[in-house]
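Count residues from 1 along the sequence.
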Amino acid sequence: MAHRKARERDMLDSVYSMLALVFILVACVELCDAATVVDVYRLIQYDISGVPFGSRLASLNHHAGSLHFSPGADLSRTVVMIPVRELNISFVTEYVSRKHPLGGMLFLLPEIFRLENGGGGKDVREKEVVKNVLLELEKLLVHAKLPYPVYFAFENDEIDAVLDDVKKNDATGQPATATTGGYKLVIPIAEPKKVASPTITNIQGWLQGLKADGDANQLPTIAIVASYDTFGAAPALSVGSDSNGSGVVALLEVARLFSLLYSNPKTRGRYNILFGLTSGGPYNYNGTHKWLRSFDQRLRESIDYAICLNSVGSWNNELWIHVSKPPENAYIKQIFEGFTNVAEELGFKVGLKHKKINISNPRVAWEHEQFSRLRVTAATLSELSAAPELLESTGGLHFVDETSFIRSVQLVAESLARHIYGYQGKNIQIFADNSSLAVNPSYIRSWLDLLSQTPRVAPFISKNDPFIMALKKELADHTDEVIMQHEVLDGMFTFYDSTKASLNIYQVASVTFDLLLLLVLGSYLIVLFSFLVITTRGLDDLISLFRRPPSRKVEVSQEKLANDNYECVMV
């Protein structure tokens, strides 16, 4: 009896070993399919007054496809991989506007956009072409509600190889499916959650002017303002080097230059200079509004005028001054003439754009309009001749032309200095090249490099973010009485997290291949199992495994027959 149980135990151990082998082999088939893993950046998801916009899903688990799909193909479970340099904007427009079912979209950005270093030659031309395509794409995606995941990624050798294979399969009329196999794109991420009470931070610095002996009156003030945050189709990529990183760097360089003048009482001007780095620019300049509301009446009335810097880093031969008051206004004429004279000396033009404020419309087109609503004279200096629409063209992968940008800084610094020191109309260069007060290209370049690598979408920046603290420290190095103001973003805007993820690309076999593999594997295991049993237990044990055991009824009948025969013998 014990010997029989031992044999059965050995037999079960053999069966368990075979089953374990099956599971291991199947697991290996699944785990060895991974082709590559890449970082991806999700299209923004937000609400305005409860109306949803952007991509409403984050997780992804569909087969990959390309723009070479067959006409009439079902793409409801397909992620279309679209290189931006080959973008068919009509395809995207059709699927977005007509709400065709899609599994998702993956836009592939050129590698040259990974770092906005300006580039040269061919890179500049290619950037300009792709930039225009991105502007059109961004405008389309940001203002639509998309019921599927939309991601951006940078091209590399691995993902290019995957795309080439996908294109070949689609061109032969055999797109990736569960039956045919192909590539599968998987992003295992939790569904997005609302960002609770997003914070916006304003940073203020101050340079105190010099009062004359016995002068009890408050000195007039000039305000230099720039909004530092951005908004783009992909928050994790919204660096906005020109919009509005250029305005931020221009403000910091102007602060550095005037700190040199104001550090010496002999060259300190009789104007206070107020520097403001504001947040919430893309959201109706919400931070600027709250910053100005925090001013006391005396400070607000002391402001002679304010210059807001917006996108001043990539232009050809003309900048624009945007104002709310009529051009005939004495203050506006003074500002415009001062900037025009300096621009002519630097070899370019400055135009004037007047746009009257509609008090009944809550939409704020330019930052200076927040000043104008409080009856403070203000203007915006920009390369843009017209204001972008709400949440449009305010922080994507745009780049700065260093030469143009340096001329913008020279324009602002010289114009302000001539006003402060009373040199209007005089051809006097205070910040002349090769002087101790010259604009510093290295300083500008270092800050542009930082901003070109730092996404700055306000709802995703904490008040203690290293970038915020870096701005505060830099302003504190050049100005006095640096103050940080923390506010909550206007409640009409709601944002969702999950802005960045990892994309797993798997190369999967077809169902036919899987079935054939299982058949071969099963046959192999049966042969192996039979061989092991024969060599260790003998052929009889193998046959006994497949022999049908007698039923319970037969066993009972045989036992009853045996008992009857025994009784007959006894009798």
>> Let's go through Phe348 and Trp315 carefully: what are the C-alpha distance in whole Å and the side-chain angles of both, what is the deciding distance for ring-ring contact (aromatic ring centres under 6.0 Å, His included) to 0.1 Å, and is it a yes or a no?
In response: CA-CA 11 Å; Phe348 61 93; Trp315 48 279; 4.7 Å; yes

Does [Y] offer a backbone N or O that forms a donor-acceptor pair with the side chain of [X] under 3.5 Å?
{"X": "Tyr151", "Y": "Ala58", "value": "yes"}
{"X": "Ser324", "Y": "Ile357", "value": "no"}
{"X": "Arg77", "Y": "Asp74", "value": "no"}
{"X": "Asn284", "Y": "Val364", "value": "yes"}
{"X": "Tyr46", "Y": "Val142", "value": "yes"}
{"X": "Arg56", "Y": "Tyr148", "value": "no"}

Got a second to check how far [X]'s [atom1] is from [Y]'s [atom2], nearest 0.5 Å?
{"X": "Asn244", "Y": "Phe231", "atom1": "CG", "atom2": "CZ", "value": "16.0 Å"}
{"X": "Gln507", "Y": "Tyr183", "atom1": "CD", "atom2": "OH", "value": "4.0 Å"}
{"X": "Ile44", "Y": "Ser238", "atom1": "CD1", "atom2": "OG", "value": "7.0 Å"}
{"X": "Leu43", "Y": "Leu57", "atom1": "CG", "atom2": "CG", "value": "11.5 Å"}
{"X": "Ser279", "Y": "Ile461", "atom1": "OG", "atom2": "CD1", "value": "6.5 Å"}
{"X": "Leu60", "Y": "Leu185", "atom1": "CG", "atom2": "CG", "value": "6.0 Å"}

>> Quick test of your reading of the model: are Lys99 and Glu94 salt-bridged, counting only N-O distances below 4.0 Å?
In response: no

> Is the shortest side-chain N to carboxylate O distance from Arg407 to Asp401 below 4.0 Å?
Replying inline: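 Looking at Arg407 and Asp401, the cut-off is not met.
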
> Stepwise, does the side-chain contact (heavy atoms from CB on, under 4.5 Å) test hold for His62 with Thr78?
Replying inline: CA-CA 5 Å; His62 293 307; Thr78 299; 5.9 Å; no

Would you please say whether a donor-acceptor pair under 3.5 Å links the side chains of [X] and [Y]?
{"X": "Asn310", "Y": "Thr380", "value": "no"}
{"X": "His486", "Y": "Thr199", "value": "no"}
{"X": "Tyr283", "Y": "Asp229", "value": "no"}
{"X": "Ser382", "Y": "Ser311", "value": "no"}
{"X": "Ser59", "Y": "Asn61", "value": "no"}
{"X": "Gln485", "Y": "Trp291", "value": "no"}
{"X": "Glu367", "Y": "Thr288", "value": "yes"}

> Checking Arg256 against Tyr443: charged group under 6.0 Å from the ring centre and within 45 degrees of the axis?
Replying inline: yes

>> Do Ile321 and Val323 make a side-chain contact, defined as non-hydrogen atoms from C-beta onward lying under 4.5 Å apart?
In response: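 Heavy-atom side-chain distance check passes, below 4.5 Å.
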
> What is the minimum heavy-atom distance between Ile468 and Ser462, and which atoms define it?
Replying inline: CG1-O, 3.8 Å

>> The criterion is ring-ring contact (aromatic ring centres under 6.0 Å, His included); which residues satisfy it with His100, sequence neighbours excluded?
In response: Tyr95

> ring-ring contact (aromatic ring centres under 6.0 Å, His included) between Phe107 and Tyr41: does it pass, once the steps are laid out?
Replying inline: CA-CA 10 Å; Phe107 292 98; Tyr41 310 89; over 10 Å; no

